[in-house]
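To keep things clear, I will list the structure first and then write my remarks on it.
Side-chain atoms are counted along with the backbone in the values below, which use heavy atoms only and exclude waters and symmetry mates. Chain A is the first sequence line, chain B the second, and so forth, proteins listed ahead of strands; every chain is numbered from 1.
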Protein chains: 2
Amino acid sequence: MARPVDKSAVPAVTVPRLTVYLRKLRELQARGVDRVSSRQLAGLIDLNAAQIRKDFSYFGEFGTRGVGYEVDRLVDEIKRCLGLERSWNVVIIGAGSLGTALARYRGFAEQGFKLVAMFDASQRKVGVSFGDGRTIRDVADLEPFCCEQRVDIAIVAVPAHAAQSIIDRLVGLEPAQRVRAILNFAPVKVFAPRDVIVRQVDFSSELMSLSFYLDRES
Amino acid sequence: MARPVDKSAVPAVTVPRLTVYLRKLRELQARGVDRVSSRQLAGLIDLNAAQIRKDFSYFGEFGTRGVGYEVDRLVDEIKRCLGLERSWNVVIIGAGSLGTALARYRGFAEQGFKLVAMFDASQRKVGVSFGDGRTIRDVADLEPFCCEQRVDIAIVAVPAHAAQSIIDRLVGLEPAQRVRAILNFAPVKVFAPRDVIVRQVDFSSELMSLSFYLDRES
DNA sequence: GAATGTGAATTTATTCACAGCA
DNA sequence: TGCTGTGAATAAATTCACATTC
């Protein structure tokens, strides 16, 4: 049951799909559904059923042949696969409209992501409160903060021109203190050492992709 | 030179990469660089050079053997590939903190995406101004608006529970008037007719993916 | 009988490696 | 000589199809 999972054997595309399964399963859970087959789940998210089973198979055997999957169990298993059994400390850097919107986003806390601080370079913003009574810190205090409190994930929501230098600071600390993962919203490709995980979220890139497919039709 | 391009033969993964090339090339352009080889470009965005050349090859021959690519030309070609020679009309639905942040985002207008309206369901928000003097409209006026003005892309930034019904309304109009592409920020899988292009942007999914890779290390 | 779990087959994407041109 | 453009080779991902188990 608790077989050793080689995470490096998990295809890169499987990981985001697991998050999609998890969300839908939670929805089923909330509706009181307690069992689901790969076929049913596939129908709900517009995917091939074998794909779902194969994705699960990298982590173990979660279902019962002839029966299907127990929703509660599957939610727990996927959470475990994704490392969501524990909580992760997150900071947001950049308290502009995007950073602020992200800080307000309810979905983070629900998944065990704990917003421990928010930083901005502008003195007009430092000291202003966000969320439940905490205040925005000066970005100059970024390194000291990381030294006194573990920060797992940094969300970078600063202007494009400032992104790389912020990231250099985040990863410039001693390995024990430095941030290990970055979610970058600035519209630039940023670089970090290989052992720091970087993901890019890019709105205008998404719009441009839509443009491609729109243009194809007309 | 202007060979007929079969866009359906373009791999799905090539499209987002084109947007990455375009951004980097614009940066080079701004720095006054006027020529670049696939190898150099590959170094700048951490990719294989053959990948870049192959991506271009779906659309034509943009370079000169033995020399490389002229940056200005390449920018124009990629814009053409992505359908960015024209401008697209965009609406944002949902004037919460995320919708507002998106409305303020400078990158959209620069790429030829024209924000023509913003909608919200709350009477407290209707009539409030956004951007350059225009005001937020009542979401009840969504359909009339689409009938009197072409809307190419709808950005959906409403709560998860409201997303599908908004999308049903957007695609429920006559084919000539209905929105043809949707960028959904609500954290739910949404459905639309096959000829409507839907892309999903999902913050908490991105965080969960980071969690997977973080957990792998520790 | 019904649905999982998984090898095998297929499809898609990436990378190699080199002919062809400046 | 240097770099593009592209078939051929390789690698990765998806889907099929079926033995296995409940």
Return the orientation label for the B/Phe62 and B/Phe56 ring planes: parallel under 30°, perpendicular over 60°, tilted otherwise.
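Tilted.
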
For A/Arg23 and A/Gln111, test the side chains for any donor-to-acceptor distance below 3.5 angstrom and give the result as yes or no.
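A/Gln111 and A/Arg23 do not have a side-chain donor-acceptor pair below 3.5 Å.
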
Please say whether the positively charged group of B/Lys189, taken as NZ for Lys or CZ for Arg, lies over the ring of B/Phe191, i.e. under 6.0 angstrom from the six-membered ring centre and within 45 degrees of the axis.
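The answer is yes; both the distance and angle limits are met.
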
Tell me whether the count of non-hydrogen atoms from other residues, nucleotides or ligands lying under 6.0 Å of CD in B/Glu174 goes above 12.
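Atom CD in B/Glu174 is not packed in, count stays at 12 or less.
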
So does A/Glu77 pair up with A/Arg73, basic N to acidic O under 4.0 Å?
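A salt bridge links A/Glu77 with A/Arg73.
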
Do B/Asp195 and B/Arg180 sit within salt-bridge range, that is, some charged N less than 4.0 Å from a carboxylate O?
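B/Arg180 and B/Asp195: not salt-bridged.
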
Take atom [atom1] of [X] and atom [atom2] of [N], then tell me their distance rounded to the nearest Å.
X       : N      : atom1 : atom2 : value
B/Phe56 : C/dT14 : CZ    : C1'   : 16 Å
B/Arg35 : D/dG2  : CZ    : C1'   : 12 Å
A/Arg73 : C/dT4  : CZ    : C1'   : 12 Å
A/Asp55 : C/dG5  : CG    : P     : 12 Å
B/Leu74 : D/dC3  : CG    : P     : 16 Å
B/Lys54 : C/dC16 : NZ    : P     : 13 Å
B/Glu70 : D/dT4  : CD    : P     : 14 Å
B/Glu61 : C/dA19 : CD    : P     : 18 Å

Taking the six-membered ring for Trp, are B/Phe185 and A/Phe203 closer than 6.0 Å centroid to centroid?
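When the ring centroids of B/Phe185 and A/Phe203 are compared, they turn out to be within the sub-6.0 Å range.
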
Give the residues of residues 44-52 of chain B touching DNA chain C, defined as any heavy atom closer than 4.0 Å, sorted by residue number.
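Heavy-atom cutoff 4.0 Å gives B/Asn48, B/Ala50, B/Gln51.
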
Apply the test salt bridge (Lys or Arg N to Asp or Glu O under 4.0 Å) to residues B/Arg199 and A/Glu206: give CA-CA distance (whole Å), side-chain angles for both, the deciding distance (0.1 Å), then the verdict.
CA-CA 7 Å; B/Arg199 286 180 81 96; A/Glu206 296 294 333; 2.6 Å; yes

CA sep, side-chain torsions, deciding dist, call: B/Arg150, B/Asp152, salt bridge (Lys or Arg N to Asp or Glu O under 4.0 Å)
CA-CA 6 Å; B/Arg150 180 177 48 83; B/Asp152 300 301; 2.3 Å; yes

Shorter than 3.5 Å, N or O on both sides, protein versus nucleotides 1-3 of chain C: list them out with atom names.
unit_1	atom_1	unit_2	atom_2	d
C/dA3	O4'	A/Gly66	N	3.3
C/dA3	N3	A/Gly66	N	3.3

